[in-house]
**Q** 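There's a structure below that I have some questions on.
Numbering of ligands and ligand atoms starts at 1, following listing order.
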Amino acid sequence: MNATYPCNVLMLYPLFVADSFWSFAESCKLTGVSRPTAPLGLITVAAMLPGSWAVRLVDCNTASITDDDFAWADLVFTGGMLPQQADTLRLIELCRSRGKPVVVGGPDPTSSPHIYAGSDFQVVGEAEGVIDEFVAAWESGARSGVFTAPKFQADVTKTPVPRFDLLKFEDYLYLGVQYSRGCPFTCEFCDIIELYGRVPRTKTTPQMLAELDVLYKMGYRGHLDFVDDNFIGNKKSLRLFLPELAAWQRTHDYPFEFSTEASVNLADDPELLKMMAAANFFGIFVGIESPDPATLVAMKKKQNTRRNIAESIHKIYGAGMLVTAGFIVGFDSEKVSIADAMIEFIEEAAIPVCMVGLLCALPNTQLTRRLAREGRLHPNHDSGPTTGGDQCTDGINFDPARPLREILTDYRQILESIYQPGAYASRVDRLMTMLDRSRQRHELPVGDLRGKVRALETVHRVVTAIPEARDPFWRTFFNCAKRDSSSARIAVAMIAAYAHLGPFSRRVIKAIDCRLADLDEQISYSTAANITMAKNTPNTHAMGID
Ligand code: SF4
């Protein structure tokens, strides 16, 4: 859009909590980068601003804001997700102390706008639907306001190519692009469907290829993640897009290896699997949540029921794509311990990287509304984690149906078992026997320096840092190297992931032990209080008056 006046916009991407499953801090260090991935949302908004406005981006996770940044800026944009809430609030305060008007937006401000009331402007919902309105208001002199986009209406076919030029590629393990928004399913705990709706909207094929062209021309090579909520949410469009994507990859000699997130019903569609393999997809994140069918029905995740989930995962392996998966502990429908069943499932499916978290009632979900109706939500349930923890440790922000002690004990047992080095290495080994990479490109893209970090050196550094992993990890590495080079390369990536996941899981276990100790303290305190009360209360039964 056009604007009458120039404006200097400072975009600040807030810090994530320092230590979380997704930080992959130790793995980033191995490859010499600062963060797994870049702020795609902010650089997309940057592309929507008037051409006469100048934009400067500071990712606070990789760099510091300078006095010069503030002196230069007329206006600050910030915001992000729940794990960035604490730092977003800090940045808003910082802007106010510097006298800079600040605009906040993104998923968490959309779900919980009241938390960000201290900002000058709030953009609620998808920016495409409302950014022009904001620019017009700013130009006409408005210095505060709330701009709310109509829900699920943003036309993503009009979304511009993100301003990739604002990024320092060398700071990140991989970059992201987005093809679709929304998901057709109804999982009770999920905020995606509340933020982006249940009718997935997709970009056009030329639009997507234009984004890839820009990245290619800028020299980016290697891992590119489709950050979609559910990449296969709109299969009809996807079937048209994937052959074009595969053709683009062929023409450009496969500069990118793709990953994404998809629902497990991907496994039911051999044609789609083949198309994704042909486009050089190598990894899929799948939300499995629970091995218990009754729990899956109760959470309204019906797409995961009436199937053998492990077999579905193996079908995806058969198409040459590895699976990382999400699991959750703490659902109301868990009648007994879920730990053994979850561990058995993870081992049977042979999924090395599992994000196991405690159920968290996220703001703006069906789950949170139900718990509120039932009077079970904790105060401050919508506060993001602070630097002291993340969703893994801070979950169960409500009164659970099962005793909290049992849930925490289950959670602890699962983490202790699946991230034991021998168990992890054995899952990597078994995954590699099932991963059929015959349809994918084996060689790394020319120019992908990061991917070329030497395999032996990586394994050596991981086992030096984690000596108990030495034997199982070397054994797995040599088993995979004997099979083929592509298999060894993926095994090394999994071993590099363990550099973070192993120590992180042990830190989570410690945090859970603290929660368990707090529970013990509360119980002994309330027992002592009850005894004192009983001693001081007249025995009405003995007096015959009850
Ligand atoms: S499949 Fe994933 S994105 Fe879709 S509703 Fe369920 S949790 Fe949300």
**Q** Judged by modelled atom types alone, do Ser290 and Asp292 share a side-chain donor-acceptor pair under 3.5 Å?
**A**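 No.
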**Q** Provide the tally of protein N/O/S atoms nearer than 2.8 Å to atom 6 (Fe) of ligand 1.
**A**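 Of the protein's nitrogen, oxygen and sulfur atoms, 1 lie under 2.8 Å from atom 6 (Fe) of ligand 1.
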**Q** For the pair Thr204 (side chain) and Gln207 (backbone), establish whether a donor and an acceptor sit closer than 3.5 Å, ignoring hydrogens and angles.
**A**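 Checked: pair present.
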**Q** Go through the steps for Leu362 and Phe189 under the test side chain to side chain contact (heavy atoms under 4.5 Å, CB included), then give the verdict.
**A** CA-CA 7 Å; Leu362 295 171; Phe189 59 85; 5.8 Å; no
**Q** How far apart are the closest heavy atoms of Ala154 and Arg201, and which atoms are they?
**A**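 That closest heavy-atom pairing would be O-NH1, 2.8 Å.
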**Q** Would you sort out whether Phe226 and Phe281 count as a ring pair (Phe, Tyr, Trp, His ring centres under 6.0 Å), showing the intermediate values?
**A** CA-CA 10 Å; Phe226 278 87; Phe281 275 78; 5.7 Å; yes
**Q** Going by ring pair (Phe, Tyr, Trp, His ring centres under 6.0 Å), Trp22 matches just one of Phe285, Phe16, Phe504. Which one?
**A**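 Going through the options one by one, the only one that passes is Phe285.
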